[in-house]
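A short worksheet on the structure shown next.
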Amino acid sequence: MSSDLPQPLPHIARLHAYTPGLQPTETGWVKLNTNESPYPPSPRVAGAILRELGSGADAGASLRLYPNPTGAALRAAIAAHHARECPAATLTAANVCVGNGADDILNLFVRAYCSATAPLAHTEPSYSLYPVLVAIQDGGCEAIPFGRDMRLPVEKIAASKAPVIFLTSPNAPTGVGFATAEIERALATYRGLLVIDETYARFAVENAIPLLARHTGVAIVRTLSKSHALAGIRIGYALAHPEIIGALDRVRDSYNTSRLSQIAALAALDDTAYYDGMVARIKATRARLQAAFAARGWFAYPSQSNFLFAEPRNARGETGPAVAKSAYDWLCAHKVLVRHFPSHPLTAPFLRISVGTDAEMAVLDNTFQAWLKNA
Ligand SMILES: *Cc1c(COP(=O)(O)O)cnc(C)c1O
């Protein structure tokens, strides 16, 4: 860094930014590294965007105007959607905050609830963005470690003194889902705010929304990126007590979601039949992939998400970080992109593989087969 340049704050100069999964610009990749949907969103999404844009000399005229600052219609639609699913939680628009993806929402929680003297705790290994968001605000951070079994550390959460905890359920990168009853056991003694990142809940056997009816210290984070095939649209949201939503709104950018994003999200939420079908297809492919790993004698955690966390075993029967790296490199050289997390001992022997189409899973299988023969 050149010393005559104005310097950022010391904690920003020290910061290691989040590393997103690769987004290759050339075609021909089997892309299984960022848990995007292999299927397109509901056709109603493109229809609604085109309708909003209009046509002719006036096309795009509405883009002159700022979007609704709170995403009011979208908040109401999200509340209605989950109220149908879980009447006990009695959700209204006052229980919803929308953001520029779940990442934006998570950042709002950090801004509003975390500081140097109010540390945020998060389970580990989990989504590696959490400590980065905390570091940006120069906040305190505590890891709540998983063991190799990846079971929910109920007692550690229950005993935590951190004013806010981020819990990923189902977890990433393992795909392991946690029973709502287990989470509720931790809530019997934990006194802070438990933020449950339910990015992958649509692929799970249950979700924690019923807890909102019984615990004011719970917030749920969702996104349309994965289960609604809209990663490019950037809509995520929080469900929580209205006072918690009020805190998020105080620290939010005034126009944190765009006009077209709000419209796209409304159209997607309206097409539950389409998404029920898409999620069922992904779960069926996931079951076949899990069976294929088992048939090969490879361990993979039981997944309640749209990806598998699998431990490759080479032709000599070995597993470990070097074996996973070898499989990753081989896949990459053959234009199959997955994710390897070498920096944590519990993740280094594994690869995280998004569930793709059946055709993509066949390419993956053939490429692993070739690795076994050649590596
Ligand atoms: C993908 C992901 C997110 C981010 O979702 P966006 O809505 O695209 O920002 C958040 N949490 C977890 C655990 C994720 O895997």
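What you see is a predicted model; the values in this text were computed from it and never measured. Atom set for the values below is all heavy atoms of this structure, side chains included, hydrogens, waters and symmetry mates excluded.
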Which atom of [X] lies closest to which atom of [Y], heavy atoms considered:
X      : Y      : result
Met278 : Ser37  : CE-OG, 3.3 Å
Pro67  : Thr257 : CG-O, 3.4 Å
Glu142 : Ser160 : OE1-OG, 4.5 Å
Phe309 : Thr174 : CB-O, 3.6 Å
Asp104 : Asn100 : OD2-N, 2.8 Å
Val110 : Leu120 : CG2-CD1, 3.9 Å

Distance from [X] atom [atom1] to [Y] atom [atom2], nearest 0.5 Å?
X      : Y      : atom1 : atom2 : value
Ser261 : Leu74  : OG    : CG    : 9.5 Å
Leu269 : His81  : CG    : NE2   : 6.0 Å
Arg14  : His11  : CZ    : NE2   : 8.0 Å
Asn306 : Lys226 : CG    : NZ    : 7.5 Å
Thr90  : Leu212 : OG1   : CG    : 9.0 Å
Asp276 : Thr272 : CG    : OG1   : 5.5 Å

Student check: side-chain heavy atoms of [X] and [Y] closer than 4.5 Å:
X      : Y      : answer
Leu9   : Asp138 : no
Phe166 : Asp197 : no
Arg286 : Phe203 : yes
Val176 : Leu152 : no
Pro153 : Phe146 : yes
Leu230 : Ser225 : no

Could you please spell out the steps behind the side chain to side chain donor-acceptor pair (under 3.5 Å) verdict for Tyr127 and Asn171?
-> CA-CA 8 Å; Tyr127 188 32; Asn171 194 21; over 6 Å; no
Cation-pi check, Arg352 onto Phe307 ring (under 6.0 Å, within 45° of axis) |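 Yes; both conditions hold, so Arg352 lies above the ring face of Phe307.
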Less than 4.0 Å between a side-chain N and a carboxylate O, is that true for [Y] and [X]?
X      : Y      : value
Arg313 : Glu318 : no
Glu155 : Arg185 : yes
Glu124 : Lys156 : no
Arg75  : Asp249 : yes
Arg288 : Asp365 : no
Arg214 : Glu184 : yes

Test your reading of the model: is there a side-chain donor-acceptor pair from [X] to the backbone of [Y], 3.5 Å cut-off?
X      : Y      : value
Gln262 : Arg259 : no
Arg252 : Gly99  : no
Lys335 : Thr27  : yes
Asp271 : Ala268 : no
Thr285 : Arg281 : yes
Tyr275 : Ser42  : yes
Ser354 : Gly356 : no
His215 : Gly217 : no
His82  : Leu91  : no
Glu206 : Ala204 : no

Looking only at the side chains, is there a donor atom on one of [X] and [Y] sitting less than 3.5 Å from an acceptor on the other?
X      : Y      : value
Trp330 : Thr367 : no
Glu36  : Gln23  : yes
His228 : Tyr274 : no

Checking side-chain contact (heavy atoms from CB on, under 4.5 Å) for the pair Leu133/Phe109: CA distance, chi angles, key distance, verdict?
-> CA-CA 10 Å; Leu133 294 177; Phe109 276 110; over 6 Å; no
Aromatic ring pairing Phe293/Trp298, orientation class (parallel under 30°, perpendicular over 60°, tilted between) |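 Ring orientation of Phe293 relative to Trp298: parallel.
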Using the ring of each side chain (for Trp, its six-membered ring), is Phe350 parallel, tilted or perpendicular to Phe299, with breaks at 30° and 60°?
->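 The arrangement is perpendicular - the two ring planes meet at more than 60°.
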Would you sort out whether Ile233 and Leu224 count as a side-chain contact (heavy atoms from CB on, under 4.5 Å), showing the intermediate values?
-> CA-CA 8 Å; Ile233 276 290; Leu224 301 191; over 6 Å; no
Is there a path of hydrophobic side-chain contacts, each under 4.5 Å between heavy atoms of I, L, V, M, F, W or Y residues, that connects Leu351 with Met150?
-> no
If two hydrophobic side chains count as joined below 4.5 Å and joins carry through other members, does Leu108 share a cluster with Ile235?
-> no
What do the steps show when you test Tyr66 against Ser254 for side chain to side chain donor-acceptor pair (under 3.5 Å), and what is the final call?
-> CA-CA 10 Å; Tyr66 281 104; Ser254 326; over 6 Å; no
The single option from Leu32, Val355, Ile282, Val30 passing side chain to side chain contact (heavy atoms under 4.5 Å, CB included) against Pro38 =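 Per the side chain to side chain contact (heavy atoms under 4.5 Å, CB included) rule, the option paired with Pro38 is Ile282, out of Leu32, Val355, Ile282, Val30.
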Please determine which of Thr223, Val221, Ile220, Leu239 meets the side chain to side chain contact (heavy atoms under 4.5 Å, CB included) test together with Glu198.
-> Ile220
Full working for side-chain contact (heavy atoms from CB on, under 4.5 Å) between Leu331 and Phe368 = CA-CA 7 Å; Leu331 291 173; Phe368 272 135; 3.8 Å; yes
